Amino acid sequence: MQTLDTVAAMRQASARFRADGLRIGFVPTMGFLHEGHRSLMRLLRPQVDRLVVSIYVNPLQFAPHEDFDVYPRDPEGDSAICEEEGADVIFMPPPAGDPTGLYPPGFQTRIHVPALDDGRLCAKSRPHFFEGVATVVYRLFQVVGCDMAAFGEKDFQQLTIIRRMVADLEMGIDIVGGPIIREDDGLAMSSRNAYLKGVDRQRAVSLSRGLRAMQGALADGVTDAAALIEVAKAELEVDALDYLEVVDKDSLAKVGEVTRESRAAIAAMVGRTRLIDNVALVPRGAGS
Ligand code: PAF
C-alpha cells in the first residue's frame, strides 16, 4: 500500500493504473475510519483492480462555528484499517492553501446542486455543507481518476447530490451506495459518535428507534407522513430536533402520503453532537 500526499503524486499513480488498463475504485473519507468505511472498501474491493481511499477533512464543508478544528483524526489507525481492507493507495492531501493540495492558493470554484440542496433536509441548518462536499468530491474524482466510488447511505442527501452531479457533468463514474452500518443497539456508525459520552450515547439510539417505529407503523398500514412522524417523535430523547421528514427518495421533496418507496430522514442534537440517520419507507406491495 502506498501513501500519497500530493495531487501530482496521486495523478501520476492514477495515470499509471489507467495506462495498464486497471479499473480504479475510490472511497473518499474524512478519516477516523470505522466499520461503515470498511464496509465501503469491502463493497468495491472485489469489483476493481486498484482501491484508493482518501483521507481529508474538507474545510469547505464546515461553517466557522462547526467542529473542523476538533474533528477526530487518527492517521495511523486509518492506515492500518486501509491496509487490512486491501487498499492499494491512501491519498492524504495537504491542508487548503498548500500549492500541492486540492485547494491551492487562489482556488475559488464551487459546485452547487441547488434543487437537492437549498433548503432541503441538512441544508436548512448547514447551508454551506453540500456545496463544500460536491466541490471536494469533484476535485477528488478529477485527481483520483476513478471508475467507481462508494458513499454510505447514512448521508443520504450527500449520496443523492453526488449521483446528480456525476450524471449532470457526465463524469462516467459508477456511484455505489453502501447500506448504513449500525452498532448492536441500532445507532448508525459515524466518526462523530466519538463525541458521545455516558447518557448521551444511550439517548443517541432514540433516532434509530424512532425511524424503526415509523417502519413498523407503515407495515401496520399507516401511510400518512405526518402520522408517521408523530410515531417517531414519541421515541425521541434528543435535545433539539433539526428535522424529521418523509421525502421522495430521488427528489428529496417532502411526501404527504407514502404510496411508493420514500425515505424517512432525521437530524438532531444529542448534547453538543449533531447526529443524522435515515431509513427506507417501503409501503406494502411496493417492493424495493
Ligand atoms: O462523507 C464524508 O465523509 C465526506 O462528506 C466526504 C464525502 C469524504 C467529502 O468530504
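Atoms within a ligand are numbered from 1 in the order they appear, just like the ligands themselves. Please read all numbers here as calculations on a predicted model, not as lab measurements.
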Numbering the atoms of ligand 1 from 1, which are under 4.0 Å from a heavy atom of Val136? 9 (C), 10 (O)
Closer than 4.0 Å to some heavy atom of Thr29 - which atoms of ligand 1 meet that?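 Numbered from 1, ligand 1 contributes 8 (C).
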Quick test of your reading of the structure: of Met30, His37, Gln158, whose heavy atom lies closest to atom 5 (O) of ligand 1?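 Ranked by closest heavy atom to atom 5 (O) of ligand 1, first place is Gln158.
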CD1-CZ distance between Ile81 and Arg38, expressed to the nearest 0.5 angstrom: 4.5 Å
Working for side-chain contact (heavy atoms from CB on, under 4.5 Å), residues Glu85 and Leu40: CA-CA 10 Å; Glu85 296 303 335; Leu40 298 177; over 6 Å; no
Which atom pair, heavy atoms only, marks the closest approach of Ser191 to Gly31?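 Nearest pair, atom of Ser191 first, then Gly31: OG-O, 3.4 Å.
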Nearest protein heavy atom to atom 10 (O) of ligand 1, by residue and atom, and its distance?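 For atom 10 (O) of ligand 1, the nearest protein heavy atom is Gln61 OE1, 2.7 Å.
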Among Lys254, Arg120, Arg263, Arg260, find the one that has a salt bridge (charged side-chain N to carboxylate O under 4.0 Å, His left out) with Asp248. Arg260
So, regarding Tyr56 and ligand 1 (criterion: nitrogen or oxygen to nitrogen or oxygen, under 3.5 Å), is there a contact or not? no
Those residues that, when tested against Arg11, pass salt bridge (charged side-chain N to carboxylate O under 4.0 Å, His left out) (two or more places apart):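 Salt bridge (charged side-chain N to carboxylate O under 4.0 Å, His left out) list for Arg11, sorted by chain: empty.
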